[in-house]
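To start, the structure under review is shown below, and the notes come after it.
Just so we're clear, the structure is a prediction, and the values are computed from it rather than from any experiment.
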Amino acid sequence: MQEQQLTPKYIFESSWEVCNKVGGIYTVLSTRAKTLVEKYGNKVVFIGPDFWAEKENPLFRENHQLLARWRKAATEEGLKIRVGRWLIPGEPVAVLVDFTPFFPQKNEIYGWAWDNFRVDSLHAYGDYDEASMFAWAAAKVVESYYKFFNLKKEDNVVYQAHEWMTCLGALYLQKAVPEIASIFTTHATSIGRSIAGNNKPLYDYLWAYNGDQMAEELNMQSKHSIEKQTAHHVDCFTTVSDITATECKALLDREVDAVLTNGFENDFVPFAGNPFNNARKKARKVMLTVASTLLGQQLDDETIIIGIGGRYEFKNKGIDLLVDSINRLRHDTSLQKNVLVFINVPAWQKGPRADLQKRLTTVTDEPQMPMGDTRLTHDLYNKDQDKVMNQMDWLDMHNRAEDKVKVVFVPCYLDGKDGIFNMHYYDLLIGNDLNIYPSYYEPWGYTPTESVAFHVPCITTDLAGFGLWANKVKGGNSELIDGVKTVHRTDNNFVEVAECIKQTVLDFAAMDKKTVTKVRKNAASIAEKALWQHFIVNYYKAYNIALNNRNKRL
């Protein structure tokens with residue numbers, strides 16, 4: 001059959017992170033939605049889990065008139081759904097589904113998955129059950145919509161499932177509504193993340209790993225099974241970067257059909273000129289005030305502010321490497337400026353330090369003393385077991401007055417209500433001079449993307465999809481002068497990477513203002529190249545592949 005250039009009329013996307021802000025996938029979906037809505041309008045429908053049945057979801061606005069007739073029919077079919085708008089740019093149609101009614105059918109559903117696709121749910125535990133019931137419920141929503149509106153093959157309906165948590169739905173629709181073209185996007189393979197997270201060398205031995213064997217060894221059989229079987233059966237299998245595509249081939253025994261590079265929109269960045277400069281000044285003032293108050297030592301505006309953000313994956317996100325490199329910087333006598341490092345990583349915290357809150361609101365001309373543990377803004381439940389604190393203790397990093405390098409651990413979500421900064425993450429990010437994301441396992445990397453969007457140069461590695469992409473943009477190794485320093489990282493060069501990061505910070509600290517301005521301008525230029533307007537074409541290619549493969553399957 002000769003392939004045609006096919007485009008969908010309806011697009012359904014399901015993800016655990018629709019109207020549910022958890023991690024990077026939320027950013028992928030929420031920033032891309034506006035671009036899709038401009039092209040497809042209300043025929044783009046996002047499906048997410050309904051955790052907010054008893055209270056208002058701040059990311060979702062219910063609309064009882066929207067798709068009212070179908071919603072009534074779906075309710076009569078036994079589906080517990082709410083229809084409305086996802087409160088993001090573009091305000092796409094969103095359907096939130098309560099998946100708990102499917103738990104009594106769990107064993108029958110798992111039996112169906114085994115009989116039809118050899119998905120092994122026997123070893124399921126933890127979040128597997130919850131995710132699978134959501135995936136099933138989301139697929140039932142799409143099936144109901146398709147049949148209610150009497151859609152046909154010619155309507156070119158595409159269903160895109162994100163991550164293993166939605167895989168079961170993609171498989172269900174292939175049997176229940178085979179006319180729907182299916183796309184599965186893995187943002188990181190479950191087994192690859194597990195290998196890396198268990199301190200096993202992932203990259204040097206990737207060619208030799210057997211995904212099924214490793215899943216058994218790491219007690220990941222069910223998640224790996226649903227992900228692998230879906231990858232092999234969907235009409236189009238995709239991932240988000242070249243490095244993860246290599247991982248998929250090795251661990252899932254399936255080459256991807258397309259790489260859907262993660263873009264973003266920069267509409268959350270203040271306009272250039274006064275709005276941008278004022279936002280940056282405000283952020284720096286707040287961060288310097290908090291640090292100076294903690295330290296009992298005044299830090300002036302010449303202080304270089306460095307940050308890292310993201311999930312608390314100590315090794316995978318390279319937090320261990322960051323702390324080590326900053327400790328090396330602390331001992332380097334050639335450093336001429338003060339450096340302040342913020343580790344913005346949510347941990348198991350009790351809440352803001354009461355003593356710090358009090359001192360921040362007390363006006364006094366009296367000299368202040370350092371405040372207990374000057375490294376923490378919030379109290380930790382497990383301070384003695386916390387990995388960041390333990391590493392700093394081991395390296396004797398205690399923010400002494402004579403140290404030119406100070407480190408402050410902010411173990412909470414910066415949502416504007418943290419009790420200390422009371423500013424959102426982005427509103428503080430703009431005040432940084434340099435950010436460091438020395439990832440070991442990072443399929444893409446939104447934190448460095450966000451960094452350059454705010455004109456803040458950053459250091460990352462070529463084990464991150466973003467770092468590889470930056471090298472591709474440069475046409476070689478991207479250096480700090482280009483806005484992004486991409487460090488070569490392997491399973492075995494921890495010390496070399498730490499030294500390279502230290503030297504890069506030293507080089508940045510020695511730059512004159514004119515050079516720093518150039519570096520910041522180049523960082524912003526890289527961000528412009530990562531906008532969805534450049535990357536959305538990859539999705540159109542994936543839709544075409546899925547629809548053509550659906551035709552062959554039918």
Without swapping roles, check the side chain of [X] against the backbone of [Y] for a donor-acceptor pair under 3.5 Å.
{"X": "D427", "Y": "M423", "answer": "no"}
{"X": "R553", "Y": "P178", "answer": "yes"}
{"X": "R550", "Y": "V158", "answer": "no"}
{"X": "N422", "Y": "G419", "answer": "yes"}
{"X": "Y446", "Y": "G263", "answer": "yes"}
{"X": "R280", "Y": "N432", "answer": "yes"}
{"X": "N544", "Y": "L6", "answer": "yes"}
{"X": "N549", "Y": "D235", "answer": "yes"}
{"X": "H232", "Y": "L252", "answer": "yes"}

- Item | Test side chain to side chain contact (heavy atoms under 4.5 Å, CB included) applied to I243 and L463, step by step | CA-CA 7 Å; I243 193 168; L463 293 184; 4.1 Å; yes

Cationic tip of [X] above [Y] ring, under 6.0 Å, 45° of axis:
{"X": "K140", "Y": "F99", "result": "no"}
{"X": "K21", "Y": "Y413", "result": "no"}
{"X": "K472", "Y": "W469", "result": "no"}

Any side-chain heavy atom of [X] sitting closer than 4.5 Å to one from [Y]?
{"X": "D155", "Y": "E179", "value": "no"}
{"X": "Y146", "Y": "E143", "value": "no"}
{"X": "Y172", "Y": "W136", "value": "yes"}
{"X": "F12", "Y": "Y145", "value": "yes"}
{"X": "F134", "Y": "T100", "value": "no"}
{"X": "F149", "Y": "W70", "value": "yes"}
{"X": "V456", "Y": "I430", "value": "no"}
{"X": "R311", "Y": "K317", "value": "yes"}

Before giving the answer on side chain to side chain contact (heavy atoms under 4.5 Å, CB included), spell out for N116 and K175 the whole-Å C-alpha distance, their side-chain angles and the decisive distance to 0.1 Å.
CA-CA 9 Å; N116 287 279; K175 294 293 182 181; 3.6 Å; yes

Listing request: all salt bridge (Lys or Arg N to Asp or Glu O under 4.0 Å) pairs with a residue in residues 532-546, at least two apart in sequence or in separate chains.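 Residue pairs with at least one partner in residues 532-546: there are none.
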
Next on the checklist: For residues 86-103, which residue pairs pass the salt bridge (Lys or Arg N to Asp or Glu O under 4.0 Å) check, not counting sequence neighbours?
Outcome noted: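 Output for this query lists R61-E91, K80-D98.
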
All side chain to side chain contact (heavy atoms under 4.5 Å, CB included) counterparts of [X], not counting sequence neighbours:
{"X": "A215", "answer": "I191, M220, H224"}
{"X": "K315", "answer": "N199, D320, Y440"}
{"X": "T186", "answer": "E163, F184, T189, E227, F237, T239, C248"}
{"X": "N219", "answer": "Y125, Q221"}

Just jot down the salt bridge (Lys or Arg N to Asp or Glu O under 4.0 Å) partners of [X], sequence neighbours excluded, or say none.
{"X": "D253", "value": "K228"}
{"X": "E216", "value": "none"}
{"X": "E17", "value": "none"}
{"X": "E76", "value": "K72"}

Centres of the F264 and W444 rings: under 6.0 Å?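 No, the ring centres sit 6.0 Å or more apart.
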
* **Aromatic contact, F117 with W112 (centres under 6.0 Å)** =>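 Close enough - the centres of the two rings lie under 6.0 Å apart.
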
_List the residues meeting ring-ring contact (aromatic ring centres under 6.0 Å, His included) with Y209, not counting sequence neighbours, and say none if there are none._
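None.
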
message = If the condition is ring-ring contact (aromatic ring centres under 6.0 Å, His included), which residues does W532 pass it with, not counting sequence neighbours?
response =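 Partners of W532 by the ring-ring contact (aromatic ring centres under 6.0 Å, His included) criterion, ordered by chain and then number, come out as Y539.
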
Regarding [X] and [Y], do their side chains bring together a donor and an acceptor under 3.5 Å, going by distance alone?
{"X": "Y425", "Y": "T447", "result": "no"}
{"X": "Y540", "Y": "T7", "result": "no"}
{"X": "T185", "Y": "T238", "result": "yes"}
{"X": "D120", "Y": "S225", "result": "no"}
{"X": "K529", "Y": "S525", "result": "yes"}

> Which of these, R85, R82, R71, sits in a salt bridge (charged side-chain N to carboxylate O under 4.0 Å, His left out) with E62?
Replying inline: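 Result: among R85, R82, R71, R82 is the only option passing the salt bridge (charged side-chain N to carboxylate O under 4.0 Å, His left out) with E62.
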
Margin query: I'd like to know if R193 and E313 make a salt bridge, using a cut-off of under 4.0 Å between side-chain N and carboxylate O.
Written below: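 Here R193 pairs with E313 in a salt bridge, since their nearest N and O are under 4.0 Å apart.
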
Margin query: Let's go through L122 and S222 carefully: what are the C-alpha distance in whole Å and the side-chain angles of both, what is the deciding distance for side chain to side chain contact (heavy atoms under 4.5 Å, CB included) to 0.1 Å, and is it a yes or a no?
Written below: CA-CA 7 Å; L122 187 63; S222 294; 5.8 Å; no

